[in-house]
Undergrad: 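Have a look at this one before I ask anything.
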Amino acid sequence: MIPFNLPYITGNEISYISDALASGSHAGNYNYNNRVKDLIFQKYGLEGVFLTPSCTAALEMGALLANIQLGDEVILPSFTFSSTANAILIFGAKPVFCEIRPSDMNIDVSQIEKLITPRTKMIIPIDYAGVPCDIDEIMIIAEKYNLTVMQDCAQSYGSLYKGEISGEKAHLACYSFHDTKNFSCGEGGALVVNKPEWRERAEYMAEKGTDRTKVIDGLQNKYSWIEKGSSYLLSDILAAMLLAQLEKEEEIKEKRKIIYDTYLSKLKKYESQGYFVIQHFEEYKKTNYHCFWLIFNSNRERELFIDLMKRKGIAAYSSYVPLHSSKMGLQLGYKKNDLPLTEDLAGRLVRLPLYPNLKTEDLESVIKATEEVLNEFKAA
Ligand SMILES: Cc1ncc(COP(=O)(O)O)c(C=O)c1O
C-alpha cells in the first residue's frame, strides 16, 4: 500500500536528541528550545516564538493570552480541525462558522463582516493545505472592529505571504510540528506572539503562570505564581528533534515541491477536461507543498475515487468533516445546511499521497492509478 503520509527523518535527529539527553536539562526553555527559536528568528525574523507541546496547545495559549471568555464570539471556518474551535470553546466562547472559498478552501473574507456582532472578539483563519489565507484583508477587518486575529498556521510553517513567512502578520500565529506535518518532532507546535506587549504575560502563561524563565535566564533566584497559565512547554528532547528538522527545511520543501509539481503537470489536463478542480492561489502566496488536493464533481465520485485507489493499493484521503455538521457542531446548535458551500466542497475533496520519501515509481503509480480511475469514470 502506498501510504498517504510518512514522516521524514533528516539524519541529525538521533545525535541532537542524545546531546539533549546528556545535557541533563530535559524540560522546556533550555538549549534546544533556544536554538530552534534562534533558527526561526535568523530565517524569518520572527520574534516572540513560544514552543509548545502541539498546535492545539498553542491555540489554547493564544486564546488565554487574548483573554477569550464566556460569552465571546470567535469567527473561524467550519472547514478546519477540531482544535481550532476547541481552543476557544474551552474558555466558554462561541465558535461562529464562516464559509470558505472553493479556489483554496480558506476562509471567504467577503463573508466575515456580516458575522461580526458586539460580542465578537477574535477571528481564527487557517492556512489550508499550507496555502496562506488572505491575511492582509482579514487584518483590515480586525482593525476596523478592534478584533484579535489568531492565524492557525498548523499546516503552513515555511509558506510565504508577500515574501514573509505566513503567520508574521496576525496578532498571534500557531504552527504544528505533529508527525503529519512537513516538519515534525512527533508532537509539537509553536505560538508566535507578534504583539510585543503580550510577550511577558505569554512567558508566565507558558510556565504554569510563574516567572520561572527569569530564574533560567539567571535574573532571579526564585520563581513564583504571577499569572493565569498552564504547561505550554516543549520538552528540550523534542526540541532537539525539531531543530534537526528545521535545519533541513529547504531540503524537505524541495522534495515535496518535486512531487507537488509532478502532480500539477500530469493532472492539470484532467482539470481542463472537467474531471475535478485543483487548488488555485495568488502569485504572492507560496505554499510549503503540504498537500495536493482534487475536488471532484460530486461526493459520489470522490467516494468512488478513494475506494478504487484503495483497491489499487493507494491511500488517498478526504479531509475535515466540517465542524458545524460534526457531532459536536450539531450539539452546539448548528445544522447541516447552515454552511452549504463548505458542506458541498468538503464532501468532494480528496488528497493524494505527498511526503518527501515518496519514491519516483510510487509517484508514477499514483498518477497512473488516478488516470485509470478517471478513464473508468469516463466509461461509466
Ligand atoms: C488547522 C489545524 N489546526 C490545528 C491542528 C492541530 O495540530 P496539533 O496536532 O499539532 O495539535 C491541526 C492538525 O491537523 C490542523 O489541521
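Scope of the values below: all heavy atoms of this structure, side chains included, with no hydrogens, waters or symmetry mates. Read the numbers this way: they start at 1 and go in the same order the structure lists the ligands and their atoms.
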Undergrad: Would Phe276 and Phe296 count as a close aromatic pair, with their ring centres under 6.0 Å?
TA: yes

Undergrad: Look at atom 16 (O) of ligand 1 and say which protein heavy atom is nearest, naming residue and atom and giving the distance to 0.1 Å.
TA: Tyr320 OH, 2.7 Å

Undergrad: Describe, in one word, how the ring planes of Trp293 and Tyr128 are oriented to each other, choosing from parallel (under 30°), tilted (30 to 60°) and perpendicular (over 60°).
TA: tilted

Undergrad: Which ligand 1 atoms does His178 reach within 4.0 Å, using its non-hydrogen atoms?
TA: 9 (O), 10 (O)

Undergrad: Please list, in number order, the atoms of ligand 1 under 4.0 Å from a heavy atom of Gly188.
TA: 10 (O)

Undergrad: Hey, which atoms in ligand 1 end up nearer than 4.0 Å to a heavy atom of Thr80?
TA: 1 (C)

Undergrad: Asp127 and Ser166: side-chain donor and acceptor closer than 3.5 Å?
TA: yes

Undergrad: For atom 5 (C) of ligand 1, grab the closest protein heavy atom and report residue, atom and distance to one decimal in Å.
TA: Phe81 CD2, 3.5 Å

Undergrad: At a 4.0 Å threshold, what atoms of ligand 1 neighbour a non-hydrogen atom of Thr56?
TA: 6 (C), 8 (P), 11 (O)

Undergrad: Heavy-atom contacts with Ser54 under 4.0 Å: which atoms of ligand 1 show up? List them by number with element.
TA: 10 (O), 11 (O)

Undergrad: Look at atom 10 (O) of ligand 1 and find which of Ser176, Ala129, Ser156, Cys174 reaches it with the closest heavy atom.
TA: Ser176

Undergrad: If you take the centroid of each ring, where Trp contributes its six-membered ring, are Tyr275 and Phe377 closer together than 6.0 Å?
TA: no

Undergrad: Just going by heavy-atom distances, which of Lys181, Glu60, Gln155 is nearest to atom 13 (C) of ligand 1?
TA: Lys181

Undergrad: Could you tell me whether the side chain of Ser184 and the main chain of Lys181 form a donor-acceptor pair under 3.5 Å?
TA: no

Undergrad: May I ask you to identify the nearest protein heavy atom to atom 3 (N) of ligand 1, giving residue, atom name and distance to one decimal place in Å?
TA: Asp152 OD2, 2.7 Å

Undergrad: How far is atom 7 (O) of ligand 1 from the closest protein heavy atom, and which atom is that?
TA: Cys55 CB, 3.3 Å

Undergrad: Do the two ring centres, one from Tyr334 and one from Phe97, sit under 6.0 Å apart?
TA: yes

Undergrad: Just by distance, with hydrogens left out, do Thr117 and Glu73 show a side-chain donor and acceptor under 3.5 Å apart?
TA: yes

Undergrad: Would you verify whether the NZ or CZ of Lys162 falls within 45 degrees of the ring axis of Tyr284 while also being under 6.0 Å from that six-membered ring's centre?
TA: yes

